[in-house]
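Structure first, then comments.
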Number of protein chains: 2
Amino acid sequence: MPKKVSIADLAMAAGVSKTLVSMVLNGKARENGISPDTEKRVIEIAQKLEYRPNLFARGLRMGKSNSIGLILPDISNTFYAGLARSVEDIARKHNYSVIMCSSDENKETELKLLQLMTEKQADGIILASTLDDEKQIRDILGDDFPLVLVDRHWDNSHYPVIKVDNLDGTKKATDYLISKGHQKISIMTIGPSHLSTQTERIEGYIKSLETHNIKVLRNYIVEIPHNDINRCICTSIYTWRSTNTMPTAIIAANNFIALGCLDCIINNKLSIPDEISLVSFDDIELFHYSNPSVSAIAQPIKKIGEAAFDCIIKKINNPQLHIGDVILSTELIPRNSVKNIK
Amino acid sequence: MPKKVSIADLAMAAGVSKTLVSMVLNGKARENGISPDTEKRVIEIAQKLEYRPNLFARGLRMGKSNSIGLILPDISNTFYAGLARSVEDIARKHNYSVIMCSSDENKETELKLLQLMTEKQADGIILASTLDDEKQIRDILGDDFPLVLVDRHWDNSHYPVIKVDNLDGTKKATDYLISKGHQKISIMTIGPSHLSTQTERIEGYIKSLETHNIKVLRNYIVEIPHNDINRCICTSIYTWRSTNTMPTAIIAANNFIALGCLDCIINNKLSIPDEISLVSFDDIELFHYSNPSVSAIAQPIKKIGEAAFDCIIKKINNPQLHIGDVILSTELIPRNSVKNIK
DNA sequence: TTTTTTATCTAAACCGATTTAATGTTTAAA
DNA sequence: TTTAAACATTAAATCGGTTTAGATAAAAAA
């Protein structure tokens with residue numbers, strides 16, 4: 001079992017002080033007037049003994065870990081997995097590593113993870129929060145801790161936010177459906193909740209309808225609890241049918257709901273798009289292959305991750321710095337789930 | 001900006017030594033004969049000052065980080081994302097955290113990540129390797145480092161392996177196709193490579209054919225480079241067509257290939273399953289929704305992650321311990337991509 | 001020759017925890 | 001009264017780095 005080689009071992013082997021070794025290995029030989037001969041010798045010895053720095057020791061002394069925390073609802077969900085990957089890539093380029101965690105849409109888990117991140121000395125945190133407000137977060141992290149919110153946020157957040165223009169996204173989707181002749185359009189969202197993504201998506205939907213002078217019907221705005229998606233979708237469809245108020249199109253406010261719709265509509269022997277059209281917020285690979293393929297509002301996942309990292313780095317380097325929110329735009333990808341009924 | 005509270009601060013505030021505070025906070029008050037009064041007082045002060053341990057300091061002193069590395073080809077790929085999630089969950093239950101990284105099927109990246117994990121003081125590593133052999137790994141980690149291989153491995157590996165019975169998996173798939181009357185069956189794998197998953201899957205395919213006295217044809221075993229999947233699948237199909245040797249069924253050795261097949265077959269105006277049947281190794285959600293839905297060999301992802309963690313924990317607690325490989329079984333999930341041509 | 005400079009290098013403190021080896025007090029036993 | 005045992009607590013070392021504030025010796029200037 002090869003014992004770990006420390007800087008003291010190198011110093012011993014080279015017959016110099018720990019200080020000198022540390023300086024050399026950090027490329028500070030020149031500026032500290034260390035002779036080129038000594039520098040070379042130390043470097044060679046370090047290589048020969050296969051020296052590997054202990055990042056805990058360095059982190060402890062420097063008060064910096066070169067790692068950031070990434071807390072998402074579920075890293076195995078396609079959307080968040082892509083986001084995680086994006087953050088990982090850009091972080092590695094900047095010599096940072098990422099500690100990823102799933103909160104499972106559970107507030108207590110999220111708070112515990114935030115706690116853990118600080119104990120693990122994360123220099124900053126990127127968070128897609130499931131909380132209703134940021135009070136508890138500020139209690140745990142303090143106001144100046146480098147934290148960036150992605151995807152979800154609260155009004156007037158103290159922390160910077162990286163998000164997509166949700167309102168515009170559903171507006172585009174609704175406009176699109178209306179342009180295809182649809183008037184009876186439903187939107188299905190996760191709720192009841194304070195999730196900004198969901199409320200903004202409803203707003204966009206309403207805005208579009210109002211612009212086109214279509215009456216907003218309460219029973220077409222459906223809130224679905226995140227832990228019982230499929231059953232509730234079926235219930236809605238059943239209700240519409242029995243009251244003869246079936247919409248001609250559904251906007252699913254995220255990919256889970258869209259998948260639920262796919263399942264439920266099939267189970268109800270309804271045909272997409274002939275009997276009902278579908279547009280999903282979030283574009284996942286599946287929608288390209290599904291039967292039928294599903295029209296979707298795509299989010300620029302890679303850009304979101306990069307913007308979030310960019311933001312967190314700036315905050316780490318200057319915690320006082322005020323950083324404005326970043327709002328990225330979405331793209332409508334038409335496929336075969338929308339029928340032209342004009 | 002609230003300064004960090006250290007154990008020294010608590011000691012000062014409580015009028016006791018750091019030693020005592022440390023003992024109390026680690027629940028060792030009783031065994032060290034600390035009076036209940038003192039214990040209570042220290043705990044209260046710790047709560048009031050909102051003390052949070054610095055895990056770097058603890059890790060440095062204890063030589064243990066309570067974190068493990070998880071290196072996968074790509075955490076945004078559905079299969080690996082699920083695996084990552086599984087490892088994360090079981091790790092958290094055991095008070096471990098996971099540092100996840102993607103190697104991008106790149107050998108140098110993988111080696112660098114292994115290096116990084118040791119510097120970050122990971123207590124153990126779970127690895128789905130993209131390397132051809134384990135020599136370099138042993139150079140970096142040493143023989144006794146707690147490392148567990150998942151998904152992929154090499155023959156006679158020094159390190160324990162958690163995997164699925166790949167041979168049996170493709171054998172089941174091939175048997176199934178044969179039972180539906182297919183004789184001209186192709187298998188498409190990622191290659192050329194030493195990836196155990198791929199070679200074993202070919203073996204299972206061959207074994208089944210031989211059992212049924214069907215001749216194994218060289219041009220039905222297709223190796224596809226991982227960076228140019230779709231084009232190569234199309235080329236194969238084109239070649240078969242022009243030589244009039246089109247198979248009636250394809251076994252895709254992983255989900256990427258299956259998706260490629262879906263794309264290419266559609267582009268070639270072929271119909272699944274009428275003109276060609278398809279079975280995929282790896283079951284992903286998409287196959288349930290695709291058109292047609294795709295029959296697949298499902299791997300027990302959750303179990304793989306749990307077994308890997310179980311194994312790594314044992315190794316961490318006793319690096320000398322010999323642990324046998326774990327081989328989990330797959331399940332064939334029939335859907336609509338296979339035609340009965342008997 | 002004495003004083004400065006310059007060029008090299010280092011001792012020791014520090015980061016925040018854990019742990020070892022004592023230390024000082026009481027109380028109980030001899 | 002002396003000795004031993006039980007009790008409660010702590011000083012100091014340690015983990016492996018970085019950094020501050022000198023130290024030493026040789027060369028240059030006075």
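We name chains A, B, ... by the order of the sequence lines, and we start the count at 1 in each one.
In the model, A:S129 has a side-chain atom that pairs as donor or acceptor with a side-chain atom of A:E110 under 3.5 Å. Remark: the A:S22 side chain and the A:T19 side chain contain no N/O donor-acceptor pair separated by less than 3.5 Å. For the residue pair A:D74/A:S76, the side-chain donor-acceptor check at 3.5 Å is satisfied. For the 3.5 Å distance criterion, the side chains of B:T109 and B:D104 fail to qualify, holding no donor opposite an acceptor. Defined by atom type and a distance below 3.5 Å, a donor-acceptor pair is present between the side-chain atoms of B:S97 and A:K120. Side-chain contact of B:Y80 with B:D151: a donor-acceptor pair under 3.5 Å is present, judged by distance alone.
Considering only side-chain N and O atoms, B:K64 lies nowhere under 4.0 angstrom from the phosphate OP1 or OP2 of C:dT18.
Following rounding to the nearest Å, B:L20 (CG) and C:dT20 (P) show an atom-to-atom distance of 16 Å. Separating the CG atom of A:D37 from the P atom of C:dT8 is a distance of 10 Å, rounded to the nearest angstrom. Put simply, CE on A:M12 is 13 Å from P on C:dT10, counting in whole angstrom units. To the nearest angstrom, C1' of D:dA8 lies 13 Å from CZ of B:R30. Atom-to-atom, CG of A:L49 to P of D:dG16 comes out at 15 Å; the value is rounded to the nearest Å. Taking atom CD1 of residue B:I34 and atom P of nucleotide D:dT10, one finds them 9 Å apart after rounding to whole Å. Rounded to an integer number of Å, the gap from CG of B:N32 to C1' of D:dT9 is 10 Å. In this structure, B:E119 atom CD and D:dG16 atom P are separated by 14 Å, rounded to whole Å.
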Which pairs, protein N/O on one side and nucleotides 23-29 of chain D N/O on the other, fall under 3.5 Å?
none

Pairs under 3.5 angstrom, nitrogen or oxygen only, protein versus nucleotides 15-17 of chain C, please.
residue : atom : partner : partner atom : Å
C:dC15  : O2   : A:R61   : N            : 3.4
C:dG16  : N2   : B:A57   : O            : 3.3
C:dA17  : OP1  : B:Y51   : OH           : 2.8
C:dA17  : OP1  : B:N54   : N            : 2.9
C:dA17  : OP2  : B:I7    : N            : 2.5
C:dA17  : O5'  : B:Y51   : OH           : 3.2
C:dA17  : N6   : B:K18   : NZ           : 3.3

Close N/O contacts between protein and nucleotides 21-24 of chain C (under 3.5 Å):
none

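Checked by atom type and distance alone, the side chain of A:T118 pairs as donor or acceptor with a backbone atom of A:Q115 at under 3.5 Å. For B:R41 (side chain) and B:A14 (main-chain N/O), a donor-acceptor pair under 3.5 Å exists by modelled atom type. Judged purely by atom type and a 3.5 angstrom limit, B:E88 uses its side chain to pair as donor or acceptor with the backbone of A:S102.
Taking a cutoff of 4.0 Å between a charged side-chain nitrogen and a carboxylate oxygen, A:D310 and A:K315 do not qualify as a salt bridge. Between A:D9 and A:K4 there is no salt bridge, since no side-chain N of the basic residue sits under 4.0 Å from a carboxylate O of the acidic one.
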